[in-house]
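This report concerns only the one structure given below.
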Amino acid sequence: MLIMKTILTGDRPTGKLHIGHYIGSLKNRVKMQNSGKYRTFIMIADQQALTDNARDPEKIRRSLVEVTLDYLAVGIDPAKSTILVQSQIPALTELTSYYLNLVTVSRIERNPTVKAEIQQKHFERSIPAGFFIYPVSQTADITAFKADLVPVGDDQEPMIEQAREIVRSFNTIYQKDILVEPQGVFPPKGFGRLPGLDGNAKMSKSLGNCIYLSDDADTLRQKIMSMYTDPDHIHVSDPGKIDGNMVFTYLDIFDSDKAKVAELKEQYQAGGLGDVKIKRYLNEVLEAELRPIRERRQEFAKDIPAVYDILKKGSEKANEVAEQTLKEVRAAIGVNYFD
Ligand code: TRP
């Protein structure tokens with residue numbers, strides 16, 4: 001019999017999800033889910049979100065529902081994927097405490113993603129301790145479900161590496177092959193990071209350059225009309241630049257009609273094709289992709305108690321799996337005195 005591989009992936013609920021999340025990960029998750037080849041867990045990492053939002057818990061509470069609606073809207077199906085809430089799985093916290101002894105402070109300090117985030121968030125010397133150790137808590141997330149595969153963005157590669165190290169230490173020290181060494185699954189080249197509307201390398205809430213999955217048709221149109229193109233393309237007759245032009249960057253990613261995109265590029269570069277025209281075309285392409293998502297989202301949003309129920313059921317199921325792993329971990333360390 002073929003043993004099914006287990007997938008675990010997750011998001012911090014700090015806001016609604018945008019089309020960068022969609023193209024970089026959600027779309028692929030739905031595909032993996034529907035292949036029927038994997039046991040899939042999707043975690044809403046609210047505790048991790050709190051590590052740098054402790055003073056704004058309301059944001060996390062609100063985002064928990066928004067993110068779940070985004071999941072359901074893009075086609076994550078609770079009948080096929082288990083959606084769980086990190087804070088509702090107590091075993092994760094206990095696993096974290098055991099793993100913390102297997103990692104040094106200097107090893108975490110060398111984690112490039114942690115380093116970058118400390119800078120971005122301007123923590124300076126005031127790094128919340130809970131934030132600092134989140135790579136270890138993320139190892140608990142991954143190992144509690146014995147995940148083989150962890151589909152994440154490129155920025156999460158150092159987290160997977162740290163998880164692998166902790167797993168190896170654990171299995172060596174306690175001489176048990178209990179924990180599974182996870183593998184990261186990264187987006188294909190060119191799909192890792194969608195640039196923002198303004199041409200910034202990253203679409204991000206804090207930069208205010210996002211298209212959200214929940215944006216209505218008017219908002220979508222307005223955002224596309226404000227997109228960064230070629231600042232030197234002033235008159236329609238001027239030759240325009242493709243490189244760094246967000247409309248063409250997005251068309252390359254979202255338009256499956258590659259011949260049409262090639263033709264538009266040629267016309268634009270030659271001169272005679274206006275920005276408004278290409279933006280209208282991009283709007284059609286994106287609207288066709290996003291309309292069904294938006295409509296499904298509105299449907300699910302009509303029954304919020306049902307959304308919470310999905311999270312409750314998913315967390316219950318996840319708890320059983322995580323508790324089992326914790327039991328094995330306790331036994332391996334020898335803190336199962338009363339068994
Ligand atoms: N750190 C991840 C992010 O910022 C979110 C996350 C938390 C996660 N726990 C996880 C991702 C476990 C994969 C597996 O996006």
Side-chain angles (χ1 to χ4, degrees), residues 15-31 66 70 73-75 120 151 153-155 186-298:
K16 298 173 174 187
L17 301 181
H18 53 64
I19 62 172
H21 296 116
Y22 176 62
I23 213 71
S25 98
L26 296 174
K27 221 174 160 170
N28 190 41
R29 286 186 205 173
V30 174
K31 212 162 97 191
E66 298 289 357
D70 289 326
V74 298
Q120 280 158 22
D154 295 318
D155 64 316
F186 302 99
K189 266 216 152 13
F191 288 80
R193 178 140 285 174
L194 185 70
L197 292 166
D198 55 358
N200 192 294
K202 189 180 171 190
M203 180 171 278
S204 106
K205 185 173 30 90
S206 49
L207 296 171
N209 60 6
C210 302
I211 294 174
Y212 292 99
L213 292 169
S214 46
D215 280 347
D216 61 31
D218 277 342
T219 308
L220 176 66
R221 190 179 325 105
Q222 280 165 23
K223 286 184 176 175
I224 292 174
M225 288 304 158
S226 76
M227 257 173 128
Y228 181 84
T229 58
D230 169 7
D232 299 324
H233 187 240
I234 295 164
H235 306 290
V236 172
S237 55
D238 293 341
K241 270 209 301 282
I242 304 297
D243 233 22
N245 183 324
M246 289 305 110
V247 176
F248 287 105
T249 305
Y250 281 37
L251 282 175
D252 279 336
I253 292 173
F254 288 97
D255 193 0
S256 51
D257 189 348
K258 299 298 169 210
K260 167 102 190 187
V261 176
E263 191 188 307
L264 287 174
K265 282 183 180 171
E266 210 168 293
Q267 276 183 37
Y268 192 81
Q269 282 170 309
L273 181 57
D275 277 9
V276 172
K277 236 183 181 153
I278 52 165
K279 284 177 170 176
R280 283 211 185 111
Y281 177 64
L282 175 63
N283 187 48
E284 276 171 37
V285 170
L286 279 181
E287 178 64 16
E289 180 122 18
L290 298 179
R291 190 189 311 115
I293 295 176
R294 186 192 301 139
E295 286 173 358
R296 264 200 305 272
R297 201 180 190 285
Q298 283 162 353

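For CD of Glu266, the number of neighbouring non-hydrogen atoms (other residues, nucleotides, ligands) closer than 6.0 Å is 12 at most.
In this structure Ser204 satisfies the side-chain contact (heavy atoms from CB on, under 4.5 Å) test together with Lys202, Ser206, Leu207, sequence neighbours excluded. Remark: Phe248 pairs with Tyr268 by the ring pair (Phe, Tyr, Trp, His ring centres under 6.0 Å) rule, at least two apart or across chains.
Asp275 and Thr229 form a side-chain donor-acceptor contact under 3.5 Å, judged by distance and modelled atom types alone. Side chains of Asp252 and Thr249: no donor on one and acceptor on the other come within 3.5 Å. Under the 3.5 Å distance criterion, with hydrogens and angles disregarded, no donor-acceptor pair is assigned to the side chains of Asn209 and Asn200.
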Checklist entry - Stepwise, does the side-chain contact (heavy atoms from CB on, under 4.5 Å) test hold for Ile293 with Arg296? => result CA-CA 5 Å; Ile293 295 176; Arg296 264 200 305 272; 4.1 Å; yes
Checklist entry - Run the side-chain contact (heavy atoms from CB on, under 4.5 Å) check on Met203 and Ile19 step by step: do they pass? => result CA-CA 9 Å; Met203 180 171 278; Ile19 62 172; 3.9 Å; yes
Checklist entry - Are Asp238 and Asp232 close enough, and set up right, to give a side-chain contact (heavy atoms from CB on, under 4.5 Å), and what steps lead you there? => result CA-CA 8 Å; Asp238 293 341; Asp232 299 324; over 6 Å; no
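Within the structure, no pair that satisfies the ring-ring contact (aromatic ring centres under 6.0 Å, His included) test touches residues 270-294, not counting sequence neighbours.
In terms of modelled atom types and a separation under 3.5 Å, the side chain of His18 and the main chain of Gly20 share a donor-acceptor contact. Of the possible donor and acceptor atoms, one in the side chain of Asp70 sits under 3.5 Å from a partner among the backbone N and O of Leu17.
Ion pairing between a basic and an acidic side chain is recognised when a charged N comes within 4.0 Å of a carboxylate O; Glu263 and Lys258 show no such pairing.
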